[in-house]
Amino acid sequence: MYLSANNHVLNTNLFSTLQQNFSSKEQLKIALIGNPNCGKSTLFNALTGLHQKTGNYPGVTVDKKTGVCKAQNPVTKQMQWFRLIDLPGTYSLFPKSLDEQVSFGVLMDNKNVDYPDIILIVVDASNLKRHLLLATQLIDLGRPCILVLNMIDAAKANGIEIDVNKLAELVQVPVVSCDARHQQGIEKVKDTFFAFAQNIQPQQGLINIQATVNKDYAESVHKFVNQTSVYASLLKQRSNIEKDENLNIYNKKFFTGFESRDMLFRFEKIKKISLECVNYSSVRTDLKATDKLDRFTTHPFWGFVIFIAVLFLIFQSIFYLAEFPMQWIEIGFSFITQKTRELLPDNFFTSLLTNGILAGLSGIVVFVPQIALLFGFIGILEDSGYMARVSFIMDKLMRKVGLNGRSVIPLISGMACAVPAIMSTRTISNKKERLVTILITPLMSCSARLPVYTLLIGIMIPSSYRLGFFDVKGLLLTALYLLGIIVAIGVAAVLKYILKTKERSFFMMELPVYRIPQAKTILLTMLEKVKVFLLDAGKVIMVISIILWFLTSYGPKKEFAAIDKNYTEAFAKANADSVKQELTTAMETQKLQASYAGHLGKIIEPVIKPLGFDWKIGISLITSIAAREVFVGTMATLYQSGDKEDNLSIRQKMMLEKNPSTGKLVYNFAVCLSLLMFYAFAMQCMSTLAVVKRETNSYKWPIIQFVYMSALAYVASLLVYQILK
């Protein structure tokens with residue numbers, strides 16, 4: 001094995017430490033890095049399986065995926081664990097976006113906790129020339145590298161033959177081919193990890209650095225910065241120019257044009273490598289199929305029709321496929337709650353468990369099937385390559401409102417969750433476009449709204465309602481998601497004239513070939529997202545449910561004592577069990593109104609009454625400021641507290657709820673649609689506001705976002721109710 005040293009003797013401590021780590025129990029750190037769409041994350045999933053976790057890099061909102069894999073040493077036959085870090089996708093070591101800056105920082109800072117022992121360079125074997133730009137830069141860092149030719153099956157199927165041994169000789173690092181999607185060649189990748197235990201030698205760099213920069217200056221930079229190669233020192237130096245201009249060694253003029261010269265020399269080198277080790281024996285069949293499909297999916301008219309049809313089918317499927325699992329979960333929780341009441345004594349802890357914890361838990365777990373399906377469908381769209389087409393067809397429309405196609409990915413991602421969607425805006429280089437995208441992304445209907453939508457649509461539209469072959473509930477859900485897109489574009493059009501900038505932008509992206517989504521990758525994504533949904537949203541809902549249980553179960557002592565006194569006398573006169581049951585229900589309802597939660601709801605009721613909302617809905621509006629899905633858990637707790645003996649589901653209880661003054665149903669069509677409008681537009685997600693603050697580095701924009709979205713929600717809800725009531 002060989003490493004790039006650029007005519008300088010490498011730090012031998014690096015290699016001795018690496019060799020010692022192989023013989024010790026310490027986990028070697030391996031960083032996976034590559035261009036977007038190279039299959040890097042698929043390879044990461046194949047190597048780690050379920051042994052992975054997701055977090056954030058310190059100080060930034062960039063996803064950090066780490067995991068461990070176990071491999072057997074082909075020589076000693078001993079098992080060893082390796083720690084893998086899936087770095088954000090990047091096109092070169094001249095970072096342009098926050099994602100690329102994070103990857104650069106991990107690779108160049110030996111004090112970083114994720115600084116890797118081995119760099120695993122993942123390239124798309126069917127697009128080798130394009131992916132070798134980053135690969136040659138990484139090799140010239142003078143660090144232990146492995147080059148993985150992923151998607152080798154696609155290359156072979158399309159007549160692309162790569163001489164792996166010749167390529168390894170030319171790039172001077174081990175080269176291994178694999179097909180991560182079908183789990184082929186994964187063991188060969190693991191075996192290569194052990195190649196660094198022997199024959200580690202310094203070697204000339206791939207690119208003659210002295211041809212691109214002044215030799216004396218380059219050597220002085222290398223001596224001062226002391227990275228593992230001259231090239232690494234120059235990259236490190238260049239990235240620090242703006243941070244510390246007091247050091248005499250810095251020279252901005254020296255680095256003017258450095259990136260373009262570097263790439264020019266690399267493209268020449270890559271061209272020679274390709275000529276020697278890559279043979280194209282036939283025309284790529286996958287490109288033929290992709291071109292045929294793109295005639296429709298990227299068509300100016302049919303592209304939009306197909307996109308709307310895809311959304312329609314997704315939301316029809318979400319209602320249809322999730323119906324039975326949701327019913328089973330509802331029945332299961334009703335059974336558990338009933339048995340708990342029968343087995344445990346009627347005391348403080350039983351009330352807390354049944355009316356607080358179980359009620360809140362049922363309000364979130366019941367929507368797991370729909371959440372899993374939503375993320376599964378989005379994963380299929382991304383894995384198949386269709387999501388990139390959505391960006392392409394939307395680019396022309398986005399430009400009319402001051403954005404471009406690059407904003408589409410965060411907006412579509414916002415249908416799953418606004419938090420990672422807003423984080424993904426860091427790939428947008430234009431500051432104004434990035435800010436506008438951040439401000440409008442929460443208008444997209446996210447998975448947190450899905451439980452609210454499902455509950456209210458289920459109340460207002462009976463299951464028997466169909467329009468031909470289609471479920472009316474699915475049609476309405478599709479309309480709500482389309483409404484989010486339309487309003488987001490409308491707000492962007494307004495912001496185009498409010499926020500001024502002279503900065504010009506461009507949109508350039510790669511359209512990957514269509515591929516059949518990998519089931520394992522989709523299932524892992526669904527499992528991870530459901531786990532995050534249950535743990536993150538579940539924690540908030542459980543805490544709020546317990547607080548709500550207290551607020552609904554207790555109130556001013558004088559009021560509660562008066563209610564108890566009145567009903568004690570009534571119970572003494574009642575003989576029939578049916579009368580006693582009616583009195584119990586009436587007493588619990590009065591206590592709920594007299595509770596602390598009831599008083600809170602009554603305070604805000606005048607403000608929300610024009611929207612058709614009562615004091616119970618008002619309590620839910622307040623609690624769901626933390627997270628939209630808390631609305632369901634709050635309603636479950638409120639209605640559980642109001643009727644302790646009834647084991648109906650929350651949806652059934654809300655459907656039967658009547659206004660005591662008028663005797664009419666509380667949740668009629670007008671009220672439900674008014675609530676849907678409110679939750680479609682209201683900014684009720686503290687996590688999103690926190691991310692907006694971090695991404696904009698200002699309290700100004702999250703405050704503006706909260707105010708304009710709340711006003712939009714109130715006005716939309718008011719108009720809908722006043723027209724339909």
Side-chain angles (χ1 to χ4, degrees), residues 330 359 363 451-465 472-473 475-477 479-480 548 552 563 566-567 570 578-579 581-595 597-624 631-680 682 713-725:
E330 284 182 341
V452 183
Y453 288 172
T454 303
L455 177 64
L456 295 172
I457 291 173
I459 293 171
M460 64 190 289
I461 299 177
S463 299
S464 59
Y465 278 32
V472 175
K473 293 186 290 187
L475 289 171
L476 181 54
L477 186 62
L480 287 169
L548 269 177
T552 55
I563 293 172
N566 292 336
Y567 280 93
S578 59
V579 176
Q581 181 62 44
E582 291 178 3
L583 288 172
T584 301
T585 302
M587 182 180 69
E588 294 297 338
T589 302
Q590 282 196 23
K591 281 190 173 182
L592 181 59
Q593 294 182 21
S595 67
H599 282 284
L600 180 63
K602 297 290 185 181
I603 292 173
I604 66 170
E605 191 171 33
V607 179
I608 60 175
K609 193 172 182 179
L611 311 182
F613 304 159
D614 64 5
W615 61 273
K616 286 185 179 180
I617 297 175
I619 295 172
S620 297
L621 296 181
I622 293 174
T623 57
S624 59
F631 171 84
V632 179
T634 301
M635 299 307 288
T637 304
L638 287 172
Y639 283 95
Q640 195 69 51
S641 299
D643 194 352
K644 293 183 178 180
E645 300 301 324
D646 198 343
N647 293 307
L648 296 174
S649 69
I650 174 183
R651 180 172 49 187
Q652 292 169 321
K653 289 181 179 180
M654 291 175 68
M655 289 174 70
L656 298 173
E657 177 79 355
K658 292 185 178 180
N659 188 315
S661 302
T662 63
K664 296 181 180 179
L665 292 175
V666 171
Y667 296 94
N668 54 41
F669 187 86
V671 171
C672 287
L673 196 58
S674 176
L675 261 174
L676 285 173
M677 290 298 100
F678 188 89
Y679 276 95
Y714 191 92
V715 171
S717 183
L718 178 67
L719 290 175
V720 166
Y721 180 71
Q722 293 299 325
I723 292 171
L724 295 179
K725 70 175 183 177

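Atom set for the values below is all heavy atoms of this structure, side chains included, hydrogens, waters and symmetry mates excluded.
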TODO: Drop me the distance from T454's OG1 to I459's CD1, to the nearest 0.5 angstrom.
DONE: 11.0 Å

Task: From OH (Y721) to CZ (F669), nearest 0.5 Å - done: 13.5 Å

Task: Which atom of Y679 lies closest to which atom of F631, heavy atoms considered - done: OH-CD1, 3.0 Å

Open item on the list: For a quick test of reading the model, state the closest non-hydrogen atom pair linking N668 to V671 and the distance between them.
Closed with: OD1-N, 2.9 Å

Open item on the list: Tell me every residue that passes side chain to side chain donor-acceptor pair (under 3.5 Å) with K658, counting only those two or more places apart in sequence or in another chain.
Closed with: none

- [ ] State the CG-OG distance between L719 and S674, to the nearest 0.5 angstrom.
- [x] 9.5 Å

Open item on the list: According to side-chain contact (heavy atoms from CB on, under 4.5 Å), who are the partners of V472, at least two apart in sequence or on a separate chain?
Closed with: I461, Y465, L467

- [ ] Please report the C-alpha distance between L676 and M460 in whole Å, then the side-chain angles of each, then the deciding distance to 0.1 Å, and finally whether the side chain to side chain contact (heavy atoms under 4.5 Å, CB included) criterion is met.
- [x] CA-CA 11 Å; L676 285 173; M460 64 190 289; 3.6 Å; yes

Open item on the list: Testing M654, E657, E605 one by one against K616 for a side-chain contact (heavy atoms from CB on, under 4.5 Å), which residue passes?
Closed with: E657

Task: Backbone of S620 reached by a side-chain donor or acceptor of S624 within 3.5 Å - done: yes

- [ ] Write down the atom of A713, the atom of A682, and the distance for their closest heavy-atom approach.
- [x] CB-N, 3.5 Å

TODO: Could you tell me the separation between the CG atom of L724 and the CG atom of L673, rounded to the nearest 0.5 Å?
DONE: 6.0 Å

TODO: List the atom of A680, the atom of Y453, and the distance in Å for their closest heavy-atom pair.
DONE: CA-OH, 3.3 Å

Task: Residue pair I608 / G618: nearest heavy atoms and the distance that separates them - done: CD1-CA, 3.4 Å

- [ ] Indicate the atoms forming the closest heavy-atom contact of I457 with L476, along with that distance.
- [x] CG1-CD2, 3.8 Å

Open item on the list: Looking at S717 and L675, would you say the former's side chain and the latter's main chain have a donor-acceptor pair under 3.5 Å?
Closed with: no

- [ ] Find the distance between CG (L456) and NZ (K473) and round it off to the nearest 0.5 Å.
- [x] 12.5 Å

- [ ] Measure the shortest side-chain to side-chain distance between I617 and L611 over non-hydrogen atoms and say whether it is less than 4.5 angstrom.
- [x] no

